[in-house]
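Quick notes on the structure that follows.
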Amino acid sequence: MKKILSATCAMMLASAGMMANAQQLPNGNFDGTWVDCKPDGSNVVGTQPKGWMASNVYKKVLIFTVKLPLVFQDENYTGASENAFSVKMENLFAESMGIGANAPGYITLGTSWAYGDIANVSNPEKDTSDGGAYGGIQFEYRPDALSLWVKRTHGTEKPTEKASVIFYSWKGQTSSEVITGLSSNPVKINMVDREKDVLGMIQDGVTKSDDFELISKSENYVEGDIADWKQVTYPIDYLSNGTPEKINVILSSSDYFNRKELGLDNKFWVDDVRFIYYSRLASISLNGESVTLEDGKYNYTVDKVLDFSEEDKAKAVKYTLEGKSQSANVSVSVVAEKAVVTVVVSNVDADIDGKESHTYTFKYQKPEVEPVIEEYEGYLNVEMNGGQIEQNTQSKIEIHDYQNDYCTFLLPNLIIGGELPLGDIRIDNVVITPVEGGNSYTGTVEDMALLGGAIHAKVELNGTIIGSDVKMNVDVIWYQDYPTNEVETPIKVSFTSAKLSGVESVAGDGVKVYAAAGCVVVEGAEDVAQVYTVDGKQVAAEAVNGKTEIALANGLYIVRVGNKVQKVVVK
């Protein structure tokens with residue numbers, strides 16, 4: 001059986017100056033400086049990313065030298081973050097004159113070390129080979145998760161072996177006597193903060209300082225082949241509420257704590273390793289009523305009147321946060337005049353979306369008060385399927401102003417085409433924003449029932465009132481396959497205090513469209529006449545050469561001839 005033969009790469013631990021941005025990892029995307037790796041302190045074997053230590057091998061075995069790089073800078077990275085470099089770790093056979101063992105590729109923020117029992121290289125029952133990492137870097141923060149991009153391939157030997165992603169934080173210190181080097185020339189050292197000692201995997205012979213405490217850990221494994229770059233995020237499990245002093249991260253192409261499963265030629269690529277500091281809510285209840293949160297959504301409407309105040313918020317607003325570290329800061333405000341509850345969650349560094357802060361707003365209904373109602377006379381234009389259904393039709397709107405920066409917009413009794421009574425276009429909770437000379441108005445209804453409930457639509461309002469000049473645009477997205485809402489017909493409604501000029505009609509240019517008994521007549525055109533119902537369905541398309549009659553059932557139709565349109569009623 002092949003034995004593990006690894007080596008240490010001499011490196012100074014990260015200095016305090018290096019950790020100016022201590023909440024993140026040093027050179028976590030591996031685009032920074034790569035330095036020579038000197039496993040024995042003087043002989044160079046490959047390179048390693050600055051701030052990390054590689055498990056590259058340099059050993060003297062009798063009169064022979066084993067020199068083997070296991071960690072490589074990969075320049076072919078084309079992953080989602082488009083970094084210049086990634087790190088590749090590979091399990092390879094370290095040998096001299098045909099005698100040797102598999103060696104694991106890994107990097108660590110601490111110091112790598114190994115012991116090779118060359119006397120028992122062919123006797124697995126007596127072999128005492130060992131290796132790993134000790135030490136780490138100074139760190140005083142409590143991240144919620146570890147995120148990284150990975151790729152993974154396997155060789156033919158032990159293809160089921162896992163790659164490893166290990167993280168832990170602690171305070172205080174452990175020490176134990178450990179044999180390193182080779183059994184032909186063993187070296188005993190007092191090893192400080194060996195990973196198995198810190199994690200409690202080894203108890204015998206381990207000395208711990210009085211203030212030692214394991215704060216957190218995250219032990220994860222990557223299985224199977226991953227041909228394309230994939231982002232993975234691993235949560236960090238907190239065992240203590242204490243503040244850490246040190247951390248270590250170990251990335252390995254091997255099953256790090258199970259060296260007997262070490263497989264040849266297994267490769268593991270890693271890039272963009274970073275800590276995640278969640279600044280999002282996991283749940284929230286407002287005055288005893290929970291709100292269902294959706295990923296990526298931060299604005300919510302609460303279908304009731306706000307029934308608590310700023311003074312009551314400590315009891316009324318209950319929440320839990322994403323992550324176990326609970327290191328985020330939360331501020332809550334209740335603005336009764338606007339009927340809005342705002343929850344701002346922030347953290348010391350970026351969440352998974354790159355933001356350090358997220359603001360949640362919960363918009364309540366405003367209390368019933370007598371609004372100030374203003375009526376505006378004007379003209380209505382309606383466009384559907386590229387055709388004008390209404391052209392400068394006299395109409396009116398109402399603004400019900402609640403004097404608290406919100407209002408209700410009402411376009412009462414909308415009838416389009418003279419025969420299709422949609423009903424009231426009513427939009428509550430319209431936001432009033434002061435602009436130069438007047439106000440702007442914005443509001444949305446996600447599901448408005450029109451035509452007695454036969455039509456469902458999303459309705460959006462954008463408009464201004466500047467003095468006596470009124471301009472209101474109402475975009476209606478008619479869901480023809482409600483509730484699936486995949487087939488949309490847009491209807492554009494505009495209300496203005498003055499007539500709109502340039503509204504196209506088939507009147508003029510010698511083209512006439514009119515209704516006759518049981519048909520539509522098109523005259524004076526050399527084109528194709530297309531006929532639509534008001535719900536957007538085409539019911540006829542006929543070539544016109546001078547004059548054509550198109551037979552139709554009674555009803556309202558939109559007729560298009562070239563770029564001209566006309567509404568007609570067949571009786």
Self-check item: Test: Asp144 and Lys324 ion pair at under 4.0 Å
Solution: no
Exercise. May I ask you to check whether Ser357 and Ser279 show a side-chain donor-acceptor distance below 3.5 Å?
Key: no
Quiz item: Do you see a donor-acceptor pair shorter than 3.5 Å between the side chains of Ser331 and Asn329?
Solution: no
Quiz item: Rounded to the nearest 0.5 Å, what separation is found between the CG atom of Asn91 and the OG atom of Ser253?
Solution: 3.5 Å
Quiz item: When you check the gap from the basic side-chain N to the acidic O, do Glu219 and Lys217 get nearer than 4.0 Å?
Solution: no
Quiz item: Using 4.0 Å as the upper bound for N to carboxylate O, is an ion pair formed by Lys313 and Glu310?
Solution: yes
Quiz item: If we only count heavy atoms from C-beta on, is the Thr174 to Phe212 side-chain gap below 4.5 Å?
Solution: yes
Practice problem: Could you tell me which residues satisfy side-chain contact (heavy atoms from CB on, under 4.5 Å) with Thr342, sequence neighbours excluded, listed by chain and number? | Solution: Ser333, Val340, Val344, Thr359, Thr361
Quiz item: Got a sec: does the NZ of Lys188 have more than 12 other heavy atoms crowding it under 6.0 Å?
Solution: no
Self-check item: Residues Asp197 and Ser176: side-chain donor-acceptor under 3.5 angstrom
Solution: yes
Quiz item: Just by distance, with hydrogens left out, do Trp269 and Asp74 show a side-chain donor and acceptor under 3.5 Å apart?
Solution: yes
Quiz prompt | Shortest non-hydrogen separation from Tyr115 to Pro186 and the atoms involved | solution = CE1-CB, 4.4 Å
Quiz item: What pairs of residues pass the side chain to side chain donor-acceptor pair (under 3.5 Å) test when at least one of them lies in residues 284-293, not counting sequence neighbours?
Solution: Asn287-Asp307, Glu289-Lys304
Quiz item: Residues in ring pair (Phe, Tyr, Trp, His ring centres under 6.0 Å) with Tyr256, at least two apart?
Solution: Tyr106
Quiz prompt | Partners passing ring pair (Phe, Tyr, Trp, His ring centres under 6.0 Å) against His456 (at least two apart in sequence or in another chain) | solution = Tyr482
Quiz item: Is the CG atom of Asp353 crowded by more than 12 outside heavy atoms at less than 6.0 Å?
Solution: yes
Self-check item: Between Tyr168 and Asn248, a side-chain donor and acceptor under 3.5 Å
Solution: yes
Practice problem: Measure the CZ-CG distance between Phe167 and Leu251 for me, rounded to the nearest 0.5 Å. | Solution: 12.0 Å
Practice problem: Starting from the C-alpha separation in whole Å, work towards a yes-or-no answer on salt bridge (Lys or Arg N to Asp or Glu O under 4.0 Å) for Asp447 and Lys458. | Solution: CA-CA 5 Å; Asp447 183 7; Lys458 179 179 179 179; over 6 Å; no
Quiz prompt | Cationic N near anionic O, under 4.0 Å, Lys196 to Asp130 | solution = yes
Quiz item: Minimum heavy-atom separation for Ile352 to Gln231, with atom names?
Solution: CD1-NE2, 4.0 Å
Quiz item: Between Lys246 and Asp193, does at least one N-O distance fall below 4.0 Å, as a salt bridge requires?
Solution: yes
Exercise. State which residues pass side-chain contact (heavy atoms from CB on, under 4.5 Å) with Asp211; sequence neighbours excluded, sorted by chain then number.
Key: Ser209, Glu245
Exercise. Would you kindly say whether Glu140 and Thr243 are connected by a side-chain donor-acceptor distance under 3.5 Å?
Key: no
Quiz item: Got a salt bridge between Asp295 and Arg280, using NZ or NE/NH1/NH2 to carboxylate O under 4.0 Å?
Solution: yes
Quiz item: Is there a donor-acceptor contact under 3.5 Å linking the side chains of Asn190 and Glu177?
Solution: no
Quiz item: What are the two closest heavy atoms between Val45 and Pro69, and how far apart are they?
Solution: CG1-N, 3.5 Å
Quiz item: Who are the ring pair (Phe, Tyr, Trp, His ring centres under 6.0 Å) partners of Tyr300, not counting sequence neighbours?
Solution: Phe362
